[in-house]
**Q** 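Here it is, the structure, as structure tokens.
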Amino acid sequence: MEEVSFLVLATQYMFWVGFVGMAAGTLYFLVERSSLNPEYRSTATVAALVTFVAAVHYFFMKDAVGTSGLVSEIETFPTEIRYIDWLITTPLLLVKFPLLLSLKGRIGNLLLVKLLSADVIMIVSGYIGETSINTAGGFTQLGLWSFVIGTVAWIYIIYLLYTTVTEAAQKRPAPIKKALLNMRLFILVGWAIYPIGYAVTLLSSGIEVQLVRELIYNVADLTNKVGFGLVAFFAVKAMSNLSNKQ
Ligand code: RET
């Protein structure tokens, strides 16, 4: 008889927590959206879209790992589900920077194009690499190169945030400026968890390692989607309150 694994149970439980957390975030952003001045509502709409996509993602993930707590029930993780989520949600997270900067015209468009192209390169290379690692059941050259390319793209995003975005943020009202400076940290620190998780699977492909990686990704996702969304939301909420008082 196969024994129930604590790690499998914990992962199944965390997928539920992820699903409920993302669904709650979506509801919150949608309900609170109407309390904002119309010019700021797009920030709440984008935040709700991000958590909604993730709620759907976690709904499927929890089914993919079943409910038995048996290792044999999980052969491989449905990598596609995560990467489809990331391909949709990471651009939406990055869009909040130009949105809060309210950059108009060429400068705004250029920043958006740079952020989104680097982001798509990062996610697509990660997907190609992880698929090759999964197929080979461990380390591959392609997996290593995908990691390198993806990491360079991520560092470029950080560079843009700490140069162009930081400069433009200085001209924004205090609550927005503060939020933008804090939001950079999510991309620098919060996003770092993903390449670390990827590097660990590249080096060691056992099921336990995959489960721990999933657990860590879940916590990271909640922080980077709900937490990040709240930081941006509170800034536009403060702006709406200020302009209503005047
Ligand atoms: C990969 C592998 C290649 C190297 C790098 C990666 C980074 C992934 C990131 C994902 C972020 C996801 C978020 C999801 C939603 O909250 C693709 C793992 C750098 C940063 C923020």
Side-chain angles (χ1 to χ4, degrees), residues 14-15 17-19 21-26 29 46-61 77-97 115-134 139-161 182-205 209-210 212-233:
M14 265 314 286
F15 281 139
V17 173
F19 169 65
M22 295 298 179
T26 310
F29 291 128
V46 172
L49 265 175
V50 168
T51 46
F52 174 73
V53 171
V56 175
H57 157 191
Y58 280 101
F59 187 79
F60 285 114
M61 280 299 224
F77 277 100
T79 306
E80 293 74 24
I81 299 181
R82 230 189 236 294
Y83 278 91
I84 292 170
D85 170 327
W86 289 356
L87 197 58
I88 303 171
T89 57
T90 52
L92 287 171
L93 292 170
L94 291 176
V95 156
K96 284 192 214 164
F97 288 97
L115 283 174
L116 297 194
S117 339
D119 185 62
V120 170
I121 292 174
M122 179 184 83
I123 302 297
V124 170
S125 75
Y127 176 71
I128 294 172
E130 195 162 324
T131 314
S132 101
I133 297 167
N134 287 346
F139 181 91
T140 62
Q141 284 288 330
L142 187 58
L144 177 64
W145 281 108
S146 303
F147 174 76
V148 173
I149 294 170
T151 303
V152 170
W154 170 55
I155 291 173
Y156 178 64
I157 295 173
I158 294 167
Y159 165 79
L160 289 173
L161 296 183
N182 286 332
M183 284 157 65
R184 297 178 312 184
L185 278 173
F186 279 84
I187 316 297
L188 180 69
V189 182
W191 285 31
I193 293 163
Y194 304 94
I196 294 172
Y198 180 99
V200 171
T201 3
L202 184 65
L203 299 175
S204 149
S205 57
V209 172
Q210 290 201 43
V212 172
R213 185 196 60 178
E214 292 302 312
L215 281 174
I216 295 172
Y217 277 180
N218 289 359
V219 179
D221 268 8
L222 281 169
T223 314
N224 291 321
K225 289 183 162 116
V226 182
F228 183 83
L230 285 175
V231 172
F233 174 78

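Atoms within each ligand, like the ligands themselves, are counted from 1 in listed order. Nothing fancy with the numbering, it's 1 onward along the sequence.
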**Q** List for me each residue that meets side chain to side chain donor-acceptor pair (under 3.5 Å) alongside Thr131, sequence neighbours excluded, and say none if there are none.
**A** none
**Q** Under 3.5 Å, side chain of Ser204 to main-chain N/O of Thr201, donor-acceptor pair present?
**A** no
**Q** May I ask you to list the atoms of ligand 1 that are less than 4.0 angstrom from any heavy atom of Gly150?
**A**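 Selected atoms, number and element: 4 (C), 19 (C).
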**Q** Counting heavy atoms only, which part of Thr90 comes closer than 4.0 Å to ligand 1: side chain, backbone, both or neither?
**A**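 Just the side chain.
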**Q** For ligand 1, which atoms, with element, lie under 4.0 Å from some heavy atom of Asp221?
**A**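 With Asp221 as reference, the close atoms of ligand 1 come out as 14 (C), 15 (C), 16 (O).
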**Q** Donor-acceptor check, side chain of Thr90 to backbone of Leu87, threshold 3.5 angstrom: yes or no?
**A** no
**Q** Do Asp221 and His57 touch side chain to side chain, with heavy atoms closer than 4.5 Å?
**A**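 In short, these two side chains touch, coming nearer than 4.5 Å.
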**Q** Considering only protein heavy atoms, which is closest to atom 11 (C) of ligand 1, and at what distance to one decimal place?
**A** Tyr194 CD1, 3.4 Å
**Q** Show me which atoms of ligand 1 lie under 4.0 Å from any heavy atom of Asn224.
**A** 16 (O)
**Q** By the side chain to side chain donor-acceptor pair (under 3.5 Å) test, which pairs, at least two apart or in different chains, include something from residues 140-153?
**A**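 For residues 140-153: Ser132-Thr140.
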**Q** Can you tell which part of Trp191 has a heavy atom less than 4.0 Å from ligand 1: side chain, backbone, both or neither?
**A** both
**Q** Show which atoms of ligand 1 fall inside a sub-4.0 Å distance from at least one heavy-atom site of Pro195.
**A** 5 (C), 7 (C), 19 (C)
**Q** What atoms of ligand 1 come within less than 4.0 Å of a heavy atom belonging to Thr151?
**A** 4 (C), 19 (C)
**Q** Can you see which heavy atom on Ala118 is nearest to which on Tyr156, and at what distance?
**A** CB-CD2, 3.7 Å
**Q** Which atoms of ligand 1 have any heavy atom of Lys225 under 4.0 Å away?
**A** 14 (C), 15 (C), 16 (O)
**Q** Quick one: which of Gly126, Ala54, Ser146 has a heavy atom closest to atom 1 (C) of ligand 1?
**A** Gly126
**Q** Applying a heavy-atom cut-off of 4.0 Å, say which part of Glu130 lies close to ligand 1: side chain, backbone, both or neither.
**A**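 Near ligand 1, Glu130 shows nothing, with every heavy atom at 4.0 Å or more.
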**Q** Over 60° means perpendicular and under 30° means parallel, so tell me whether Tyr217 and Tyr194 are parallel, tilted or perpendicular.
**A**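 Rings of Tyr217 and Tyr194: tilted, as their planes differ by 30° to 60°.
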**Q** So, does Asp119 use its side chain to make a donor-acceptor pair with the main chain of Leu115 at under 3.5 Å?
**A**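 Judged by distance alone, no pair lies under 3.5 Å.
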**Q** Can you tell me the protein heavy atom closest to atom 2 (C) of ligand 1 and the distance?
**A** Tyr198 CD1, 3.6 Å
